[in-house]
Peer 1: 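Okay, handing you the structure first.
Here is the naming used below: chain letters follow the sequence lines, and residue numbers restart at 1 for every chain.
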There are 2 protein chains.
Amino acid sequence: MNLKQLSHMLSLSQTTVSRALNGYPEVAEETRRRVMDAAKRHGYRPNPSARRLATGKSGMIGYVLPTGKAVDIDPHFVEFLSGLGDYARSHELDLVLSPADADDQETTYRRIVANRQVDAVYISSPRPADRRLALVNTLGIPFIVHGRSEGFDFDYPYLDIDNEGAFHEAARLMLQLGHKRLGLINGDDRETFAIHRERGVRRALAASGLALGERHICSVTMTEENGYRSARRLLEQDEPPTAIVCSSLIMALGVVRAVRDLGLAIPGDLSLVAHDDVFPWLRPENFPVPLSTTRSSIRLAGARVAERLAARISGLEEGARGEVWPVDLVVRGSVAGAPA
Amino acid sequence: MNLKQLSHMLSLSQTTVSRALNGYPEVAEETRRRVMDAAKRHGYRPNPSARRLATGKSGMIGYVLPTGKAVDIDPHFVEFLSGLGDYARSHELDLVLSPADADDQETTYRRIVANRQVDAVYISSPRPADRRLALVNTLGIPFIVHGRSEGFDFDYPYLDIDNEGAFHEAARLMLQLGHKRLGLINGDDRETFAIHRERGVRRALAASGLALGERHICSVTMTEENGYRSARRLLEQDEPPTAIVCSSLIMALGVVRAVRDLGLAIPGDLSLVAHDDVFPWLRPENFPVPLSTTRSSIRLAGARVAERLAARISGLEEGARGEVWPVDLVVRGSVAGAPA
DNA sequence: CGAAAAAGCCAAAGCGCTTTGGAAGACTCT
DNA sequence: AGAGTCTTCCAAAGCGCTTTGGCTTTTTCG
């Protein structure tokens, strides 16, 4: 059932039927009703390919997926996706993932924009002066960044959590408990979120006249194994930290294992806080010692990004609005006063 | 730069240029070269929307993503996606995720097929007599199932691992080590993979004249917490199992925690084997006691599914070929002889 | 050498929608 | 009543590609 058939059986022109369906004003109310009614009754749905060709709009949002033999997709992605999908579903938005060589995403961005394959894109895990950001900005496709970049002379729309504030609070808590030597097990410090977190910790320390030495920072991809290695590196030096702030629950697993291997105890010998993106399958309260966390649901962020993308596509949102969500600090059993 | 312009500057008809580019035979070799050359030089790329409208082919593969407030996307998905994307990239295939109400995916399948939004789809986590499978089968869109269903009177193309064989081997190993009481911590037993795994364990036990009682089976969604609860349930009964086979590494984390909470030891009091889908961020060799696993890379499966989908789209693969991958049994420190 | 077959190219008709530029009729206003 | 203004609808022109059917020109072969 296509427009031609439908308009023919209504004895109307395609023009009128099309306008009636798309809510244009120049069609009589009664006619519109007739059309809408017939469309529903016959289950007419405009062919998206045709509509796309005519309008250039696709009704889809895009994401360029970096891939490669050595590239692992972040497990956070799936949670973000849950939220995104949840919103997108209720608005009949589809998401197209365009896999790209991790080292050459530009080609892919250019392609999907030139081809008008999607109406908007989102960018995640941005770095300072991220080239993708500059690119989509000049390409002129609506977009939203999940996270933040730095060092641009233009503003851009983003959704981020207050990473600096969160880690500032976490570190401050440790300091208040009397800890003097803090360790930071961070994610890849080429990404802005990690930079912000480190900044937060440094700021808290500075306020107490302390500093964060190079040997008290680890910056690694967030795997259990790296959590373990980092913890050992931190804890096996002279004057090891008595408190650690860690960028992910998965790494925290490794930290806990290392602590145990070293014959230490949490929170007796080491206080631990980790960032929790709220995975359904791994919960901080279920750690051997319930884990204190800075918590922010990445899933909600996904939903919000979808919502804002939809708003941008339909012109409801404009400009470079940045949105920063506060982060909860949830204190559980894994923190205590500094050992004597 | 579109076809019209390109053909005009070559003084050829659109027909010829189109044919030259798409490898049709009725064009002279020299002409084809000229065309290809000019196309490359001017960076001509056919507009996919137009091509779609004309051919009905979209160059994308689809996946219907079940969503909902209470629906969690499986973390395995992201690994599968890595593989899929890796292959898709090299073939300029995009993946479109169509979010659907988890309780009504049929509408979405019908939509993407009717709209010809994608050339093929894949289905994951199938259940016995899975309705999605029957649906896409009748809708006539090329598809591949990742996993298997059961109870249909038609065959279908799939890629699955030998879940039954894997868990049969795992259980047999336990039996050979003298264990008499086995526990199974399985995934959701409405899904075929879980059924197959249970079947494998039962078969191994039966061969030794043993059976798997209801109280020795847990069937739960695969979270750390459920792993913990299941392990406690199994281990706190009279005559608890001395060996457990577990369906995922994530649950195994919970099992390990439970064992520790109960003051037991692995492998002294309990032998443990879990299935490993090969996540980059959680590795069995890094468990407190290196974990024995049945191992199969879900990422490779993703790549293979993409490959086969591409083959189906281009007509290279036909029929209902099923492909079952063997599973490695990797023995590490977490298994030992049954306690006296 | 002439007829038949093959090779090489093209004009034009779709694919199914949106949108432009009117046109006809109804209504308002002087 | 006639001019001007809305209102409501329509024919037709795209959007950029593929594909059908046909038309020349060249090659093949008895």
Peer 1: What is the separation between atom NE2 on A:His8 and atom P on C:dC17, rounded to the nearest whole Å?
Peer 2: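 After rounding, the reported distance stands at 16 Å.
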
Peer 1: Side chain of A:Ser13 only, please: which of C:dT19, D:dA11, D:dT8 is the nearest?
Peer 2: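 Output: D:dA11.
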
Peer 1: Could you check if a side-chain atom of A:Tyr44 sits within less than 4.5 angstrom of a side-chain atom of A:Leu3, using non-hydrogen atoms only?
Peer 2: yes

Peer 1: To the nearest angstrom, how far is A:Gln14 atom CD from C:dT19 atom C1'?
Peer 2: 12 Å

Peer 1: What contact category does B:Arg52 fall into here, base, sugar-phosphate, or nothing, at under 4.0 angstrom with non-hydrogen atoms?
Peer 2: nothing

Peer 1: OP1 or OP2 of C:dC15 versus the side-chain N and O atoms of A:Asn2: is any pair under 4.0 Å?
Peer 2: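 No.
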
Peer 1: Hey, does the side-chain of A:Thr16 have a donor or acceptor N/O within less than 3.5 Å of a partner on the base of D:dT8?
Peer 2: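 By the distance-only test, no, there is no pair.
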
Peer 1: Does B:Ser18 make a side-chain N or O approach to OP1 or OP2 of D:dT18 shorter than 4.0 Å?
Peer 2: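 So the side-chain polar atoms of B:Ser18 do come within 4.0 Å of the phosphate oxygens OP1 or OP2 of D:dT18, strictly under.
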
Peer 1: Could you say whether B:Ala54 or B:Ala28 is positioned toward the 5' end of DNA chain C, judged by the nucleotide with the nearest heavy atom to each?
Peer 2: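 Taking each residue's closest nucleotide, the earlier one in sequence belongs to B:Ala28.
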
Peer 1: Report yes if a side-chain nitrogen or oxygen of A:Tyr24 is closer than 4.0 Å to either non-bridging phosphate oxygen (OP1 or OP2) of C:dT20; otherwise report no.
Peer 2: no

Peer 1: What nucleic acid atoms does B:Thr15 come within less than 4.0 Å of, heavy atoms only: base, sugar-phosphate, or nothing?
Peer 2: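 Answer is base: heavy atoms of B:Thr15 come under 4.0 Å of a base.
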
Peer 1: Check the distance between C:dC15's P and A:Asn47's CG and give it to me in whole angstrom.
Peer 2: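 Nearest whole value for this atom pair: 11 Å.
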
Peer 1: For B:Pro46 and B:Arg19, take the nucleotide of DNA chain D holding the closest heavy atom to each; which residue's nucleotide lies nearer the 5' end?
Peer 2: B:Pro46

Peer 1: Does atom CZ of B:Arg321 have more than 12 heavy-atom neighbours from other groups under 6.0 Å away?
Peer 2: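 Result for CZ/B:Arg321: enclosed.
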
Peer 1: In whole angstrom, what separates A:Leu53's CG from D:dC15's P?
Peer 2: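 Rounded to whole Å, this separation is 9 Å.
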
Peer 1: Checking the side chain of A:Arg52 only, and the main-chain atoms of A:Gly59 only, is there a donor and an acceptor separated by less than 3.5 Å?
Peer 2: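 Not at all, since once roles are kept as given, no pair shorter than 3.5 Å links the two residues.
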
Peer 1: For C:dC17, take OP1 and OP2 only and decide whether either is under 4.0 Å from a side-chain N or O of A:Tyr44.
Peer 2: yes

Peer 1: Please report, rounded to the nearest Å, how far the C1' atom of D:dC15 is from the NZ atom of A:Lys57.
Peer 2: 15 Å

Peer 1: What is the separation between atom CZ on B:Arg51 and atom C1' on C:dG16, rounded to the nearest whole Å?
Peer 2: 19 Å

Peer 1: Counting any heavy atom closer than 4.0 Å, what does B:Thr31 reach on the DNA or RNA strands: base, sugar-phosphate only, or nothing?
Peer 2: sugar-phosphate

Peer 1: Indicate, with a heavy-atom threshold strictly under 4.0 Å, whether B:Ser11 touches base, sugar-phosphate, or nothing.
Peer 2: sugar-phosphate

Peer 1: Under a 3.5 Å cutoff, is there a donor and acceptor pairing between the side chains of A:Ser149 and A:Tyr158?
Peer 2: no

Peer 1: With a cut-off of 6.0 Å (strictly less than), are more than 12 heavy atoms of other residues, nucleotides or ligands near CZ of A:Arg116?
Peer 2: no

Peer 1: Measure CG/B:Leu3 against P/C:dA11 and give the value in whole Å, please.
Peer 2: 14 Å

Peer 1: Quick one: A:Lys4 NZ to C:dC15 P, roughly how many Å, whole number?
Peer 2: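 Whole-Å distance recorded here is 7 Å.
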
